[in-house]
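Okay, structure first, notes after.
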Number of protein chains: 2
Amino acid sequence: MRFMAAKRRQTAQQEHASDVATYVAAGGEESVQRVITAVYAVTKKLDQWYVRQFADLDLTQGEWAVLAALARAGDTCLTPSQLADLSNVAPSSMTHRLDKMAGRGLLQRRPDTTNRTRTLVSLTTEGWALFSAAVRESNVVESDTLRGLSSSERHELARLLEIVIDGLDDVDA
Amino acid sequence: MRFMAAKRRQTAQQEHASDVATYVAAGGEESVQRVITAVYAVTKKLDQWYVRQFADLDLTQGEWAVLAALARAGDTCLTPSQLADLSNVAPSSMTHRLDKMAGRGLLQRRPDTTNRTRTLVSLTTEGWALFSAAVRESNVVESDTLRGLSSSERHELARLLEIVIDGLDDVDA
DNA sequence: AACACGAACTTCGATATCGAAAGACTATCA
DNA sequence: TGATAGTCTTTCGATATCGAAGTTCGTGTT
């Protein structure tokens with residue numbers, strides 16, 4: 001029976017504790033925070049993995065994403081926008097990345113004659129050589145990063161992450 | 001029966017296609033690439049979600065991570081290293097982040113008298129007020145980011161991500 | 001007690017990323 | 001045809017992050 005409890009003024013400390021409790025309860029603590037923390041940790045560690053993998057080839061993860069995307073595209077050229085989408089970066093970041101890679105002679109840009117707002121990006125011979133070197137000599141095998149997961153677990157992980165992405169897309173709209 | 005096939009020189013284009021096939025096959029394409037792409041996409045979209053959530057409070061995701069960690073710690077002070085680990089950033093980045101937040105009066109640093117290599121960080125009254133405002137008025141509920149996932153799916157997602165983290169830790173060693 | 005080793009934090013320089021806006025072009029619609 | 005809206009790319013300035021080196025301090029060993 002706490003008759004006067006509601007009327008008694010809380011101390012600042014009690015209010016703080018109450019707000020923390022509210023936050024922790026709403027956040028779920030035992031699942032939401034775990035997921036968010038883990039997602040950030042995985043990307044950070046993936047970045048570090050890429051740095052190690054490509055240290056001797058003098059490639060960053062972002063540059064490898066471009067190289068692999070262009071290699072997969074084969075003789076089909078890609079535009080900077082497409083590469084930006086595939087790499088999950090802003091278009092302006094892709095411009096800088098392509099500048100660097102073109103400076104090294106790994107790829108070339110040429111205007112699209114059918115639509116002159118577009119630029120077509122393709123690998124040079126040197127770019128293909130670097131891709132091949134990565135695949136053959138350096139044995140770049142991204143599946144190493146997911147060892148510990150069975151095939152079905154990988155699919156499940158991808159499925160759950162894509163649900164999260166869809167949910168975050170909806171919030172945008 | 002391709003007697004001479006092995007001897008015939010491949011064209012450069014054929015070699016490229018072969019390397020791409022090797023890479024795609026080794027990468028798994030249908031699970032590994034999906035997972036990696038999705039992980040990067042989720043963090044990117046989470047970043048954007050945080051930007052929107054905290055736009056009116058003039059907070060970044062990293063600053064919120066610090067604020068929430070200190071709030072959760074209550075009257076226990078945390079060190080810059082601990083905050084860096086919790087936030088998944090390099091210690092030098094945390095220094096800069098704490099500088100900014102201290103400049104705004106959100107937190108304070110004081111030397112640990114028992115171990116003078118350490119610094120103790122704690123929220124100021126103003127820092128607590130901002131945390132409370134975020135929780136109450138701005139209704140910061142991170143679980144919104146995971147809507148679409150059932151409780152059991154969240155736990156499963158966390159479990160799978162943590163397996164990946166462990167796998168990446170082992171590679172480090 | 002002296003010394004070496006390691007930890008915690010910071011400073012510094014380099015760099016990648018972003019958003020906003022400009023510039024060039026296309027497409028649509030009156 | 002002409003105007004307007006929208007797309008694609010780039011430039012620009014601001015900023016957060018990183019790694020390496022430096023400083024101060026604690027700890028363990030000889």
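In what follows, chains are A, B, ... by sequence order, proteins preceding strands, each numbered from 1.
Between A:Arg118 and C:dA24 there is no side-chain polar atom (N or O) within less than 4.0 angstrom of OP1 or OP2. Not one side-chain nitrogen or oxygen of B:Thr117 sits closer than 4.0 Å to the OP1 or OP2 atom of D:dC25. For the pair B:Ser93 and D:dT17, the criterion of a side-chain N or O lying under 4.0 Å from OP1 or OP2 is not met. Between C:dT15 and A:Lys100, no contact under 4.0 Å exists linking OP1 or OP2 to a side-chain N or O. Remark: A:Arg116 is not in phosphate contact with D:dT7, judged by side-chain N or O atoms under 4.0 Å from OP1 or OP2.
Between B:Phe131 and B:Trp128, the ring planes are perpendicular. Angles over 60° get that label, and only those under 30° would be called parallel.
Within residues 101-108 of chain B, no residue has any heavy atom closer than 4.0 Å to DNA chain D. Taking a 4.0 Å limit (strictly below) on heavy-atom distances, residues 58-68 of chain B does not reach DNA chain D anywhere.
B:Pro80 comes within contact range of the sugar-phosphate backbone alone, with a heavy-atom separation under 4.0 Å but no base atom that close.
In this model, a donor atom of one side chain and an acceptor atom of the other lie less than 3.5 Å apart for A:Glu142 and A:Trp64.
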### Query
After noting the C-alpha distance and the side-chain angles of A:Glu162 and B:Arg34, does the key distance pass the salt bridge (Lys or Arg N to Asp or Glu O under 4.0 Å) rule?
CA-CA 9 Å; A:Glu162 282 157 8; B:Arg34 243 178 94 202; 2.9 Å; yes

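A salt bridge links A:Arg159 with B:Glu153; the closest basic N to acidic carboxylate O contact falls under 4.0 Å.
Picking from D:dT11, D:dT17, C:dT10 the nucleotide with the shortest atom distance to the side chain of A:Asp99 gives D:dT11.
With hydrogens and angles ignored, a donor-acceptor pair closer than 3.5 Å exists between the side chain of B:Ser92 and the base of D:dG19.
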